[in-house]
Amino acid sequence: MRRDPGGGEAGRAVSAAVGAPPSERGAAVGRGIGIGLMYGLWKPRVLGAWRVPASGPVILAVNHAHNIDGPMVIGTAPRPSHFLVKKEAFIGPLAPCMRFLGQIEVDRSVADRAAITGALGVLADGGVLGIFPEGSRGEGDFASLRAGLAYFAVRSGAPIVPVAVLGSTERPGRLIRGLPALRSRVDVVYGDAFAAGDSAGRRTRKALDEATVRIQERLTAHLEHARRLTGRTGPTGP
């Protein structure tokens, strides 16, 4: 049974245009797995999760310094989420598993229409879409944003919730150096939801460029707030 998109005629039009979105049931299963793994292996400290709207479409804009940042948000967010994930991660037996769990494969080298369709479908169906707006793993400081986040936010009208994951690169594990030390603390800080578009609802290239600037300002301010709140001075910790 499809959920109410919550966007009136506009939401129904988008939903009809993009077709069936990725599996919400799969995303719920993925959230359960994420809760078990993230809380079992590490010690997440989650702040402000109540700021994620309880219903309706929403975009989680997450900084990206480590490969566990996405699973950490999947396991700590109060609602099941569908992340846009680079196609390189869909390898071997992991690929069908990720698709079943409602994650969206995206080819970053082209305008991936299938990924765009899936992402807009999630939002038109009133779901939660997770995006790394920097495009790839880096310093995790929102210093370089791609236009994709602004496109999805302006096109769908969904609010953006900034999410800062801090501490995931602070202490590498002894057994698996590519992962944080077992039972180390990782902070996940959710910010206030905000609208990216302007009051006129424009969808022009200029409107998207202006939205990208507004988004970057809000995400950067949230990251600075999260660092002060958690006592961490940078994306990797003190």
Side-chain angles (χ1 to χ4, degrees), residues 1-6 11 14-15 18-64 66-107 112 114-132 137 152 156 158-161 163 165 168 176 178-180 182-183 186-190 193:
M1 180 177 179
R2 289 173 62 84
R3 293 164 294 169
D4 183 355
V14 172
S15 183
V18 300
S23 168
E24 176 67 13
R25 179 182 178 185
V29 172
R31 179 173 179 263
I33 294 173
I35 290 172
L37 287 177
M38 296 304 106
Y39 284 92
L41 297 175
W42 296 286
K43 298 169 65 177
R45 180 172 62 170
V46 183
L47 303 173
W50 57 268
R51 293 187 170 94
V52 177
S55 62
V58 64
I59 298 172
L60 303 180
V62 187
N63 68 324
H64 196 20
H66 195 284
N67 286 332
I68 74 158
D69 295 340
M72 186 64 67
V73 173
I74 289 173
T76 63
R79 295 171 58 188
S81 54
H82 307 262
F83 267 79
L84 282 167
V85 182
K86 62 182 181 181
K87 70 173 186 178
E88 291 82 358
F90 287 75
I91 56 175
L94 188 62
C97 179
M98 292 179 66
R99 295 188 186 102
F100 169 75
L101 297 177
Q103 306 313 304
I104 304 170
E105 180 178 0
V106 58
D107 185 346
D112 191 333
I116 294 170
T117 293
L120 288 175
V122 166
L123 296 172
D125 204 34
V128 179
L129 178 67
I131 295 180
F132 300 113
R137 183 161 50 92
F152 289 120
S156 68
I160 296 173
V161 171
V163 186
V165 181
S168 57
I176 305 178
L179 294 176
L182 295 179
R183 307 307 297 160
V186 178
D187 292 320
V188 185
V189 185
Y190 293 82

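Values in this document were obtained by computation on a predicted structure and should not be read as measured data. These numbers come from the heavy atoms of this one structure, side chains and all, not from hydrogens, waters or symmetry mates.
- For Ile35 against Gly75, the heavy-atom pair with the smallest separation is CG1-O, 3.2 Å.
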For this session: Test Ile104 against Val122 for side-chain contact (heavy atoms from CB on, under 4.5 Å), laying out the working first.
Result: CA-CA 10 Å; Ile104 304 170; Val122 166; 4.1 Å; yes
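- Put simply, CG on Leu123 and NE2 on His82 are 9.5 Å apart, with the number rounded to the nearest 0.5 Å.
- Relative orientation of the His64 and Phe132 rings is parallel, given thresholds of 30° and 60° on the angle between their planes.
- Rounding to the nearest 0.5 angstrom, the gap separating the CD1 atom in Ile59 from the CD1 atom in Ile131 is 5.0 Å.
- In this structure, the side chain of Arg79 engages the main chain of Pro53 through a donor-acceptor pair within 3.5 Å.
- When all heavy atoms of Gly118 and Pro22 are compared, the closest pair comes out as O-CD, 3.4 Å.
- Residues Leu47 and Asp187 are not in side-chain contact: their nearest non-hydrogen atoms beyond the backbone lie 4.5 Å or more apart.
- Using a distance-only test at 3.5 Å, with no hydrogens or angles considered, no donor-acceptor pair links the side chain of Asp107 to the main chain of Asp112.
- Considering every non-hydrogen atom in both Leu129 and Ala119, the closest pair reads CD2-CB, 3.8 Å.
- Put simply, the side chain of Asp125 does not reach to within 4.5 Å of the side chain of Glu24, judged on heavy atoms.
- For the pair Pro71/Leu37, no side-chain contact is recorded, criterion being any heavy-atom separation below 4.5 Å from C-beta on.
- The nearest pair of heavy atoms linking Ile160 to Ala61 is CG2-CB, 3.8 Å.
- A side-chain donor-acceptor contact under 3.5 Å links Tyr190 to the backbone of Ala77.
- A 6.0 Å sphere centred on CZ of Arg25 holds no more than 12 heavy atoms belonging to other residues, nucleotides or ligands.
- In terms of heavy-atom proximity, Ala27 sits nearest to Ser81 at CB-O, 3.8 Å.
- Residues Tyr39 and Pro44 meet the side-chain proximity criterion, which asks for heavy atoms closer than 4.5 Å.
- Here the closest heavy-atom approach between residue Trp42 and residue Met72 is recorded as CE3-CE, 4.2 Å.
- Within the 3.5 Å criterion, the main-chain N or O of Glu88 finds no donor-acceptor partner in the side chain of Glu105.
- The backbone N or O of Ile74 sits nowhere less than 3.5 Å from a side-chain atom of Arg31 that would complete a donor-acceptor pair.
- When side chains are defined from C-beta on, His66 counts as touching Asp69, because their heavy atoms get closer than 4.5 Å.
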